[in-house]
Protein chains: 2
Amino acid sequence: MKDAMKDAMKDAMKDAMTSPDAPPLQPIGVAVDVILFTILDDTLQVLLVDRLSQPFDGLRAVPGGLVERREELACAARRILRAQTGLDVDWLEQLYTFDAVDRDPRRRVLSVSWYALVAPNALEDEAVPESAWGAAWHPARALPALAFDHARQIEAAMTRLRYKIEYTPAAFHLLDSTFTLSELQRVYEVILAQELDKRNFRRRVQSLDLVEETGQLRREGTRRPARLYRFRDEGFERAGGGVLLRF
Amino acid sequence: MKDAMKDAMKDAMKDAMTSPDAPPLQPIGVAVDVILFTILDDTLQVLLVDRLSQPFDGLRAVPGGLVERREELACAARRILRAQTGLDVDWLEQLYTFDAVDRDPRRRVLSVSWYALVAPNALEDEAVPESAWGAAWHPARALPALAFDHARQIEAAMTRLRYKIEYTPAAFHLLDSTFTLSELQRVYEVILAQELDKRNFRRRVQSLDLVEETGQLRREGTRRPARLYRFRDEGFERAGGGVLLRF
DNA sequence: CCAAAAGTGTTCTCCATACACCCATGC
DNA sequence: GCATGGGTGTATGGAGAACACTTTTGG
């Protein structure tokens, strides 16, 4: 007997053993949607897939799907992301639960929305597969027409992301494990949509002990090589979860 | 025929008309829980009800219950709050969706958690009814044993509230429509769990144009009467949603 | 030697903080 | 007149903002 079948039987038995006063089932579906960000070409980008069936046939959508019966939501989000894009993310956070009664025209489906960050190097390694899903990056500030309430979801995720990078080190998840300070600054500039002063930025980052030198250099093209840094966990712990980088 | 019955029939018909490719039903329940805060006796308090049945029989819980099939989550939260406590809140915000597979021992039930604020005067007007629910206020920092994951939910709500009052005017919902500056300060002190300097506090509030004088005085007991203020929406709009009060 | 990005200090202003005394009232 | 909270101003230090030039490399 296959393990999957055993599991299914265990689930069925567990359901049968449900206590008699279990609350009645409501026919409300539960989905997760994932807004996946990266930075490409100095632009904040969102991953979208093609919808190939009704409703919203032909539009784009963020990766999403129904949650399984005994599956935690974060697991569902990761499973769906991997299935539709081939990507594993190391950072994923719950955004909001979207609940408009008619957000899915077929029937009531809640969407527990998540947002996630990947470094652009993850893209080369695993590559977004040109599968049936047609996963592709789109500039977050120039999106095509989207299915369901996904435009609002992305809007909310961008707002949240702006706040997030100012008081947590989330921005580092948009970079390789080693990076130059200019790259880090560009992440902040792209997300905040404003230019930052190079000297002030570097002073802040370094005085907070958020980074440490690797001793390596990145040499690229015909210009001065840049020092490579890595993120220091302890820097953030010490900061006590307070404001890190407010510009 | 009663309207309720007509509605039920309409719902049934709508379901019947559901498109053939509607996603399959998952047996996942959807509940809302509401963490309702007020300030009483210079203490942050949470409203709890008694559980009178399994699971967690005899423990306290925050007000909560299952969402109806065609009901928006915020409406469900308000409906449940009114049913179990008799209170209407004017401020209610989604907190987080709690999803541990075994958070309800009977079967899989998601909880979309909300938090809400009421001014203490609402309590006198509508009074928390000593109904079967046994709704009562408890100091948020000295809670009894709680059902489900409600202790974690309250923890999360308190953390969120601390942040919230620093960059939005949410704190005003814990006060009457007119209030003294000392009352406002006490709200901040109680939530942040730290004393604030009276002169600095007043300077901040007034320089942000968050309040305006009503011209009224509150005379109370054997001491100097205090000026009454009201909240000014425009103050917050002008502040552009940025940081309001950081102490 | 030229182009392109890396790297580096100082000044000024403003805002957060710290701090102590008089005021108005009811009894 | 006294107890109680209401109400007010100033001085200091530190952090954010503004600002421009030199360095290193490959071609």
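Computed from a predicted model, the values in this text were never measured in an experiment.
Atom CZ in A:F201 sits roughly 18 Å away from atom C1' in C:dG9 (whole-Å rounding). Rounded to an integer number of Å, the gap from CG of B:L196 to P of C:dC19 is 15 Å.
Side-chain polar atoms of A:E93 and A:Y115 form a donor-acceptor pair below 3.5 angstrom. No hydrogens or angles considered: a donor-acceptor pair under 3.5 Å links the side chains of A:D33 and A:S111.
One finds no side-chain N or O of A:T222 lying less than 4.0 angstrom from the OP1 or OP2 phosphate oxygen of D:dG27. An OP1 or OP2 oxygen of D:dT4 is reached within less than 4.0 angstrom by no side-chain nitrogen or oxygen of B:R224. Under 4.0 angstrom from either OP1 or OP2 of C:dT8 there lies at least one side-chain N or O belonging to A:R227.
For the pair A:S182 and B:P225, nearest-nucleotide mapping onto DNA chain C gives the more 5' position to A:S182.
Nucleic acid contact for B:T180: none, since no nucleic acid atom lies under 4.0 Å from a heavy atom of the residue.
Looking at A:R218, its side chain has no donor and acceptor atom pair within 3.5 Å of the base of C:dA5. The base of D:dT10 is paired with the side chain of B:R203 by a donor and an acceptor separated by under 3.5 Å.
Exactly one of B:R79, B:R82, B:R78 qualifies for a salt bridge (charged side-chain N to carboxylate O under 4.0 Å, His left out) with B:D88. That residue is B:R82.
Residue A:D197 has its side chain nearest to D:dC19 when only D:dC19, D:dG6, C:dT8 are considered. The side chain of A:R219 lies closest to D:dT25 when the candidates are D:dG7, D:dT25, C:dG7. Comparing D:dG6, C:dA5, D:dC19 by their nearest atom to the side chain of A:R223 picks out C:dA5. Among the nucleotides C:dA18, D:dA18, D:dG7, the one closest to any side-chain atom of A:N200 is D:dA18.
Under the side chain to side chain contact (heavy atoms under 4.5 Å, CB included) criterion, B:R223 pairs with B:E220, sequence neighbours left out.
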